There are 2 protein chains.
Amino acid sequence: MQKYREIGLKLTPQRLAILEYLDGNTSHPSAEDIYREVKKRFPTMSFATVYNTLEVLRKRGNLLELTIDPERKRYDPNTSPHHHLICLRCKKIVDVHVDYRIDLPQKERESFEVFGNHIEFYGICNNCKQKGGVMNGSV
Amino acid sequence: MQKYREIGLKLTPQRLAILEYLDGNTSHPSAEDIYREVKKRFPTMSFATVYNTLEVLRKRGNLLELTIDPERKRYDPNTSPHHHLICLRCKKIVDVHVDYRIDLPQKERESFEVFGNHIEFYGICNNCKQKGGVMNGSV
DNA sequence: TACTAAATTAGAATAATTCTAAAAAACGTT
DNA sequence: AACGTTTTTTAGAATTATTCTAATTTAGTA
Ligand SMILES: [Mn+2]
Ligand SMILES: [Mn+2]
Ligand SMILES: [Zn+2]
Ligand SMILES: [Zn+2]
C-alpha cells in the first residue's frame, strides 16, 4: 500500500498496522484474518475499525473486495487486473497473473457498460487433495 | 429442471413449486426471491424449505450457487458452463454464453486440480445508466 | 497547548443463512 | 385404505458476517 500520506486521511496507528499487514499481502485475507492479526499489536482493536479502514481503502481504489469465497468477503491490496484460483476445500486463493483478453458479445456490450471482468478458477489444492474428502459446488 | 422423479427424493408440492419456479429461469434469483414467489402458492412455506431444497439440488448437480453478488447467494438452474455479467447498481445478472477457452499457466496446474472457471463481467446496465448515481467497487 | 474534525471503540443491530426439534406428509407395504 | 417408516416441512431460535451507534479518544493543525 504505497504512500499512506494522502489527502484527508488521518494516519492512526491502527490504520498503519492494517496497511502494513496488507502491503504486499497475497493471501487474500478476510476481515477476520486482518482483525486477528492486527489485534496482536493493538489489543483494543475493534472489528469496526477493520471494516471502516477497508471501506476507506476500497473507496480510494486501493483495495479490492473479492466475492469469490461464498462465506465471507476477501480483500486484495493488489488492484492491478488479475484473476484468482480458489481451493474449494480450504478456501485458499492464489493469484493468476495472465492477461486473458476476453470480449463480450456485441449484444451484451449494447445493453451494458462493462468496466471489467474477473475470472475465478476453482479446484482443489495439492495440499487438500492428499487429505481426501468431498468438495463444495459453488461457482 | 428435467425429470423430478429421481433417486430417493420425495416429491412434495413445495419442492415442485420451487422446481417449477426455477425451471428455465434465467434471472439468477436469490433465496429470498424464490421464497417470496413460492410463498404466494404456499403461504406456509418457510425459508428453511427453500434453503433445504436448494441444497439438495446443488448436491445433485442440478443447481449452481453464484457468489457474484456480494450481498447474497444467487442461484442458477442452468448448470451448463457459461459466464455472467452483473450490473453493479441493480445487481441484475445476465448470462454470457460464450466459450472462452482459458487455460491456467503450468505453474498453477501443477499445484491445483482445476475443475472449471467462471468469468464475471461487471458494469452498469442501460436501465441504471439513465438514472445516474455511483457504483460499487467489488470484483 | 488547545480545537475540532475524524477515527476508534464496545456493543447493539441487522441480514443472510443454518440449525432444531416437533408436526406433517410421502411412499412403500400390508 | 390404513400403517409404519423415513423424509420433509415448519416456526422460530441460533449463528455468522457485516453494519450501525453514540460516546470517547486522537491526529493534525493553529
Ligand atoms: Mn489477488
Ligand atoms: Mn446463468
Ligand atoms: Zn486446499
Ligand atoms: Zn442495473
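Note that the coordinates shown come from a computational prediction; the quantities given were computed from them, not determined experimentally. Letters A, B, ... are given to chains in the order of the sequence lines, protein chains preceding strands, and every chain is numbered from 1.
- Partners of B:E108 according to the salt bridge (charged side-chain N to carboxylate O under 4.0 Å, His left out) rule, which considers only residues two or more places apart in sequence or in another chain, do not exist here.
- What separates NZ of A:K73 from P of C:dT17 is a distance of 12 Å, to the nearest Å.
- Look at A:R15 and you'll find a side-chain N or O under 4.0 angstrom from OP1 or OP2 of C:dA7.
- Side-chain N/O atoms of A:K10 and base N/O atoms of C:dA5 include a donor-acceptor pair closer than 3.5 Å.
- The salt bridge (charged side-chain N to carboxylate O under 4.0 Å, His left out) search around A:R109 returns none, not counting sequence neighbours.
- The stretch residues 41-54 of chain B touches DNA chain C through B:A48, B:Y51, each having a heavy atom under 4.0 angstrom from the strand.
- Computed from coordinates, the B:L16 CG to C:dA26 P distance equals 10 Å when rounded to whole Å.
- Atom P of nucleotide D:dG12 and atom OH of B:Y35 are separated by 11 Å, given to the nearest angstrom.
- Taking atom CG of B:L9 as the reference point, atom C1' of C:dC27 lies 13 Å away to the nearest angstrom.
- Under a 4.0 Å N-O distance rule, the pair A:E110/A:K107 does not qualify as a salt bridge.
- Every residue two or more places apart in sequence or in another chain that forms a side-chain contact (heavy atoms from CB on, under 4.5 Å) with A:S30 is listed here: A:E32, A:D33, A:R72, A:R74.
- Taking atom CD of B:E55 as the reference point, atom C1' of D:dT9 lies 16 Å away to the nearest angstrom.
- Between the CG atom of A:D33 and the P atom of D:dA17 there is a distance of 11 Å, rounded to whole Å.
- Taking every side-chain heavy atom of B:Q14 into account, D:dT10 is the closest of C:dT8, D:dT10, D:dA17.
- Considering only residues two or more places apart in sequence or on other chains, A:R15 meets the salt bridge (charged side-chain N to carboxylate O under 4.0 Å, His left out) condition with none of them.
- Along DNA chain C, the nucleotide nearest B:E32 and the nucleotide nearest B:T12 are compared for position; the residue whose nucleotide lies closer to the 5' end is B:E32.
- Spacing between atom CZ of B:R74 and atom P of C:dA15 amounts to 18 Å, rounded to whole angstrom units.
- Counting heavy atoms from C-beta on, the side chains of B:N78 and B:T26 never come closer than 4.5 Å.
- In this structure, the NZ atom of A:K91 is 14 Å from the C1' atom of D:dA17, given to the nearest Å.
- Every residue meeting the ring pair (Phe, Tyr, Trp, His ring centres under 6.0 Å) condition with A:Y35, not counting sequence neighbours, appears here in chain and number order: A:F47.
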